[in-house]
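This report refers to the structure that appears directly beneath it.
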Amino acid sequence: MPTSMTEGIAEDEIRHPTKKLTVSEEVAIEMVAVHKWYGEFHVLKDINLTVHKGERIVICGPSGSGKSTLIRCINRLEEHQKGRIVVDGVELTGDLKNIERVRSEVGIVFQSFNLFPHLTVLENCSLAPIWVRRMRRADAEEIAMKYLERVRIPEQALKYPGQLSGGQQQRVAIARSLCMSPRIMLFDEPTSALDPEMIKEVLDVMVELAESGMTMLCVTHEMGFATAVANRVIFMDFGEIIEQNEPHEFFNHPQHDRTKLFLSQILHH
Amino acid sequence: MTDATPTYEVGQHPDLPPPRSEVGVLGWMKHNLFSSPFNVVMTLLGIWFLWWLIPPLFDWIVLDAVWTADSRKECWEKMEVPEGAACWAFIKGRFQLFVYGFYPHALRWRVNLSFVLLIMAIVPVLYDNMPGRKYGLWYAMAFPFIAGWLLVGGFGLTPVDTDQFGGIMLTFVIGVTGISFSLPIGVLLALGRRSKMPVLRILCVMFIEFIRGVPLIALLFIASSMLNFFLPPGTVFDLLIRVLIMVTLFASAYIAEVVRGGLQAIPRGQHEAADALGLTFMKAQALIILPQALKISIPGIVNTFIGLYKDTTLVLIIGMLDPLGIGRASLADAVWAGLAREVYLFVALFFFICCFSMSRYSLYLERKLHTGH
């Protein structure tokens, strides 16, 4: 009989039991030797990344390092010039049909929310299910209300985005992406444009989403969030992936000098 | 000095009404008309100018005007001072001509019916608080064909030669056709000009720049004399149809540029969000981009429409008789010669009523679509 109930289980799993359980062997995203240029500027250099289903990945790094560009390549908001990107079994090429199929399975949340200002919150969320998945309006609105409840703002359904606070708008943006039932969620600095009081309400929604088993790629500076839910933290600088590790190791035992420099700048301000 | 203002505990100050002289009519007058010595002088000058101008003008136009007479001479005899007032009897006598042109007398009920149908078609397009608006919109799309049949005839109705169209009726036909068809064509041109496909883009740019480089009068002359050279021999195109095509194409080029300005104002994030949700290009344009772009462009679009509506008067150069043309033709009549002021005032009033209504509607639309962003 073991001397302790926790003998044989890694310390990390005890603190964050949800972490290892939901990562499967299936590959959600695969990037192989990906390069991207903006004109002459080499913005992504030899990116190799494999993301499994259910994995939560946080990407951090100084500005201009290509983090946003990397995740925007995954749903082809940006095009890569070299290498292969395979999302959910579909390779991203110039073929439009593929792109639209991939985009309806990949949700993205932007730093500047990008809600549609001429539509109500409910219409923002139900638009894609109606026009892309061809649902009936009543069904789409039901799904929209379900997700609005999940992000805890069902009472704002008939308001316009201009009437909401930043934190509420970002939560609507998350609900809007979730209404398409995506398999992968991308977050491009979701809390960077928010007041400190509103950051928490958005992070709570993201943590709850992570705990439900969603595959997530998150570009963020919120290291508390990374520690709480991430399986892996990736550090990028000047277009390259410098280092990646699980959060505890990443923050406490960084390997590269550049990682150490970056961490010292953000953790001690 | 009495201390009339009571003091309150910190945090207990109640909401008080503002002082009388700062709000309401008095407040407005104080701030806008009498706020500085210079403004006081300008206000008094303005009041004097209006007093000098308005009463005599009102007398001339309304109070002393003669409404019934058989000739200019008789009209002026009825006034205290010859030419001292407006002779509206001239317009009254010619009113039918001004409104219907030379449309056959017995068939004018068709013009009246078309006008009623026009109002019925416009209302669901412009106002969306109506029940059954969807049917109204379908009817509005069918309206041009119904009105065309009613006005021109054929298929059971006595045909009327379009040369007999004239007056206010002609202005409405050209104006309404030009406005309703130039907007969708203009939007397509704007989208085409912004397209990444080089052939489409070049074609749209060439069309827009050609139209903008040529005056409307020149295009009307081309329509009236040269268009037949570009078409297969033997095709006889009604002059009115040629004019309608030219006016519509002319306006659509200007609308294209106005809409393109609106499209440029839409932040890239809107395109990205629409793409990221999986919307195709056409759906993204129709649901997300164009509603916002058109809303921003409303002032420019209505401006173009108002200009177009007034430009319809240019058809008098190629021999079609719009209200101004009829007015000038009427002035040639010896019985009534010399009443140019009345004619031009009347035509100006007609255009002012129409254009001002369009302006007001545009403001209503902007206020209605304002969703706080």
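Quick note on labels: first sequence line is chain A, next is B, and so on, each numbered from 1.
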> Looking at A:R133, A:M180, A:R103, A:E105, which makes the most heavy-atom pairs under 4.5 Å with chain B?
Replying inline: A:R103
> Between A:L186, A:L127, A:I108, which shows the greatest number of heavy-atom pairs under 4.5 Å with chain B?
Replying inline: A:L127
> Is it true that a side-chain atom of B:Q270 and a backbone atom of A:P117 form a donor plus acceptor pair closer than 3.5 Å?
Replying inline: no
>> Within this structure, what is the CG-CD distance for the pair A:L119 and B:Q292, rounded to the nearest 0.5 Å?
In response: 8.0 Å
Interface moiety of [X] toward chain B, non-hydrogen atoms closer than 4.5 Å:
X	answer
A:V102	neither
A:R72	side chain
A:Q111	neither

>> Using only non-hydrogen atoms and a strict under-4.5 angstrom cutoff, which residues of residues 275-290 of chain B touch chain A?
In response: B:D275, B:A276, B:L277, B:G278, B:L279, B:T280, B:K283, B:L287, B:I288
Is atom [atom1] of [X] surrounded by more than 12 heavy atoms (other residues, nucleotides or ligands) closer than 6.0 Å?
X	atom1	value
A:W37	CH2	yes
B:Y8	OH	yes
B:Y135	OH	no
B:E366	CD	yes
B:R194	CZ	yes

> Of the non-hydrogen atoms in A:F110 and B:A273, which two are nearest, and what is the gap between them?
Replying inline: CE1-CA, 3.8 Å
